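Here is the structure we will look at.
The shown structure was predicted, so the numbers you read here are calculated from the model rather than taken from an experiment. Quick note: numbers below take in every heavy atom, side chains included, and nothing from hydrogens, waters or symmetry partners.
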Amino acid sequence: MEALKGTYLVLLFVSTLALTSTSPAFAAHTFPSEGENYGANVKNATFRTPAFTLAPGEVRFSLYFGSEFVKGHIGIKAFDAEVVDEDGNSVPLNEVYLHHWVAYNYVNSSANGTTILGNDGVCPDCALCQLFGLGSETRMTNTRLPDPYAIEVGQHDDEEWLLNVHAIDTRGTVDPLGCLECRCDLYNVSAAQDGTPIEEGYRGGLLCCYDGTHCQLKDGYVGENRTLYLQYTVHYLDWSDSILPVKIYIFDASYNGSRCQVEYHVPACSSRNMSTSTECMHMQESIMEVPIGGDVIYGVSHQHAGGVSSAMYGQDGREICTSIPLYGNGTEVGNEAGYLVGMTTCYPKVGSVQVMSGESIRMLSNYSSSKSHTGVMGLGYIAVYPHS
């Protein structure tokens with residue numbers, strides 16, 4: 001188990017050393033609706049991670065091995081999560097920013113040790129092998145898979161789950177946006193968690209906001225410690241032959257041809273380009289191959305604050321899914337002003353959008369570059385029912 005913990009720390013830390021288009025009618029963009037009906041036979045189970053404590057400005061990056069989960073052979077229809085307090089109240093992003101949460105399944109055996117199950121690709125070395133994962137957009141992003149599709153898990157008697165939670169308390173900080181972008185100067189960090197000096201030119205990202213670090217507070221600010229949880233709900237069906245199992249693929253716009261870098265830096269555009277929004281747009285793109293082709297039945301992307309759009313295209317240029325951020329404009333939880341609170345999702349008509357085995361997928365991520373952004377992400381997630 002210690003070896004697996006080390007593996008995830010390496011993956012989640014060391015591995016991180018203008019395109020907005022009109023979507024075709026077949027790829028409807030949706031947000032989750034309150035009280036959405038998942039179907040008469042869909043069951044729901046809600047769990048919490050162990051408690052974690054945050055002081056103002058503090059970062060918590062926790063790996064919860066052996067997390068509570070539904071037992072048995074099931075098909076997961078949706079997976080929702082959010083940060084809550086001891087009374088179960090939703091915690092707003094302008095107090096505790098949920099940088100990300102991810103969920104993996106794995107098995108342990110005396111013969112083979114620990115084997116990560118997770119998704120079906122496409123990053124090398126399991127850099128992004130989670131089955132589920134979102135960030136600040138978690139409350140307003142639809143994770144439901146349409147009938148009759150689901151993610152098949154629980155085939156192994158000894159299957160367990162790992163949840164990783166990365167939360168940043170921004171109460172009383174001098175620059176909340178800079179804190180959630182993990183700017184190294186605000187955390188007064190010059191070395192990674194293992195003591196390795198951070199390369200010159202690395203301005204911010206996961207290397208600078210690891211567990212226990214603190215973002216700079218305003219002079220004299222004092223706030224109480226808070227006890228919090230990641231609360232997650234699994235919507236599932238008992239497995240049957242009527243369910244069609246999907247494969248999950250995650251694409252990374254920062255993939256460099258050999259590894260998924262997971263995050264990247266968006267430099268500010270020059271002052272002479274400030275007058276035109278199209279010239280103050282930063283595009284990051286990569287090419288990655290689909291292992292096994294099939295029908296795309298769901299798609300979504302993950303971006304951070306400053307994100308404008310994200311899209312996946314087939315090698316012939318056809319659109320697979322475009323996902324657009326939603327920004328809050330209020331004070332209530334789920335609509336926090338200025339925060340990225342949701343991503344649109346794609347639900348193509350069955351058989352209308354396909355990817356081929358070995359096909360090169362173009363992954364694009366657009367950010368506003370009217371000012372610089374550190375530690376941003378551009379990930380694309382699709383669920384594919386494989387061709388027989």
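Nearest approach of G328 to V341, heavy atoms of both residues: N-CG2, 3.7 Å. Shown here for Q155 and E159, the closest heavy-atom pair between the two residues is N-OE1, 3.7 Å. The two residues V290 and F251 make their nearest non-hydrogen contact at CG2-CZ, 4.1 Å.
For the side-chain hydrogen bond (donor to acceptor under 3.5 Å, both in side chains) with Q303, the lone residue among S136, S365, S323, S310 that qualifies is S365.
Every pair passing side chain to side chain donor-acceptor pair (under 3.5 Å) that includes a residue from residues 327-338 is listed here, sequence neighbours excluded: N329-N335, E332-N335. Pairs passing the side chain to side chain donor-acceptor pair (under 3.5 Å) check and including a residue from residues 212-229, sequence neighbours excluded, read E95-R226. Sorted by first and then second residue, the ring pair (Phe, Tyr, Trp, His ring centres under 6.0 Å) pairs involving residues 166-189 (not counting sequence neighbours) are F61-H166, H99-H166, H100-H166.
Partners of S109 according to the side-chain hydrogen bond (donor to acceptor under 3.5 Å, both in side chains) rule, which considers only residues two or more places apart in sequence or in another chain, do not exist here. The side-chain hydrogen bond (donor to acceptor under 3.5 Å, both in side chains) test applied to S360 returns no partner, not counting sequence neighbours. Listed by chain and residue number, W239 satisfy the ring-ring contact (aromatic ring centres under 6.0 Å, His included) test with H73 (two or more places apart in sequence, or in another chain). For Y149, the ring-ring contact (aromatic ring centres under 6.0 Å, His included) test picks out Y385, with sequence neighbours left out. Checked against ring-ring contact (aromatic ring centres under 6.0 Å, His included), F47 has the following partners two or more places apart in sequence or in another chain: Y232. Listed by chain and number, the residues in a side-chain contact (heavy atoms from CB on, under 4.5 Å) with N188 amount to none (sequence neighbours excluded).
A salt bridge is defined here as a Lys NZ or Arg NE, NH1 or NH2 lying under 4.0 Å from an Asp or Glu carboxylate O, and R139 with D80 fails to meet this definition. Comment: R60 engages D211 in a salt bridge, judged by a side-chain N to carboxylate O separation of less than 4.0 angstrom. The pair K43-D238 meets the salt-bridge criterion, since a charged nitrogen lies less than 4.0 angstrom from a carboxylate oxygen.
Hydrophobic side-chain contacts under 4.5 Å tie L117 into a cluster, directly or through other members, with V107. With side-chain heavy atoms closer than 4.5 Å counting as contact, directly or through intermediates, I287 stands alone and belongs to no larger hydrophobic cluster. Residue Y264 shares its hydrophobic cluster (ILVMFWY side chains chained together at separations under 4.5 Å) with V266, Y367, V376.
For the pair N105 (side chain) and E160 (backbone), a donor-acceptor distance under 3.5 Å is absent. Remark: the backbone N or O of M312 is not paired with any side-chain donor or acceptor of R362 at under 3.5 angstrom. Here the side chain of T374 pairs no donor or acceptor atom with the backbone of G205 at under 3.5 angstrom. Looking at S67, its side chain does come within 3.5 Å of a backbone N or O of Y64 through a donor-acceptor pair. Using modelled atom types, one side-chain atom of N164 and one backbone atom of S62 make a donor-acceptor pair closer than 3.5 Å. Under a 3.5 Å cut-off, the side chain of N366 and the backbone N or O of S309 do not form any donor-acceptor pair. Formation of a donor-acceptor pair under 3.5 Å by the D169 side chain with backbone atoms of V59 is not found in this model. Checked by atom type and distance alone, the side chain of T233 never pairs as donor or acceptor with a backbone atom of A45 at under 3.5 Å. In this structure, the side chain of K77 engages the main chain of L145 through a donor-acceptor pair within 3.5 Å. T143 contributes a side-chain N or O that, together with a main-chain N or O of F79, makes up a donor-acceptor pair within less than 3.5 Å.
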Which is it for R203 and D185 under the salt bridge (Lys or Arg N to Asp or Glu O under 4.0 Å) test, yes or no, and what are the steps along the way?
CA-CA 8 Å; R203 298 182 54 199; D185 58 333; over 6 Å; no
Is there a side chain to side chain contact (heavy atoms under 4.5 Å, CB included) between L128 and V262 once you walk through the steps?
CA-CA 8 Å; L128 290 166; V262 182; 4.3 Å; yes
Could you walk me through whether Y249 and N119 satisfy the side chain to side chain contact (heavy atoms under 4.5 Å, CB included) test, starting with their C-alpha distance in whole Å, then the side-chain angles of each, then the deciding distance to 0.1 Å, before giving a yes or no?
CA-CA 7 Å; Y249 300 134; N119 63 42; over 6 Å; no
C184 vs Y202, side chain to side chain contact (heavy atoms under 4.5 Å, CB included): CA-CA, chis, key distance, verdict:
CA-CA 8 Å; C184 300; Y202 183 89; 3.8 Å; yes
In sequence, state the C-alpha distance, the side-chain angles, and the governing distance for R48 and E68, and then conclude on side chain to side chain contact (heavy atoms under 4.5 Å, CB included).
CA-CA 8 Å; R48 287 183 180 180; E68 289 187 277; 5.9 Å; no
Evaluate the disulfide (SG to SG under 2.5 Å) criterion for residues C179 and C209: first the C-alpha distance (whole Å), next the side-chain angles of each, then the deciding distance (0.1 Å), finally the verdict.
CA-CA 8 Å; C179 294; C209 58; over 6 Å; no
Could you walk me through whether D175 and R183 satisfy the salt bridge (Lys or Arg N to Asp or Glu O under 4.0 Å) test, starting with their C-alpha distance in whole Å, then the side-chain angles of each, then the deciding distance to 0.1 Å, before giving a yes or no?
CA-CA 10 Å; D175 182 357; R183 270 180 36 199; 3.0 Å; yes
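The CE atom of M283 sits 8.5 Å away from the CE atom of M281 when rounded to the nearest 0.5 Å. How far OH of Y236 is from CD1 of I243: 12.0 Å, rounded to the nearest 0.5 Å.
Within a 6.0 Å radius of CZ in R171, more than 12 heavy atoms belonging to other residues, nucleotides or ligands are found. When the shell of 6.0 Å around CG of N89 is examined, it contains more than 12 heavy atoms from other residues, nucleotides or ligands.
Side-chain polar atoms of N256 and S254 form no donor-acceptor pair below 3.5 angstrom. Between H302 and E137, the side chains place a donor N or O and an acceptor N or O closer than 3.5 Å (distance only, hydrogens not considered). Side chain to side chain, E82 and S90 meet the donor-acceptor criterion of an N or O pair below 3.5 Å.
Between Y347 and Y298, the gap from one ring centroid to the other is short of 6.0 Å.
For the two cysteine residues C208 and C182, the thiol sulfurs sit 2.5 Å or further apart.
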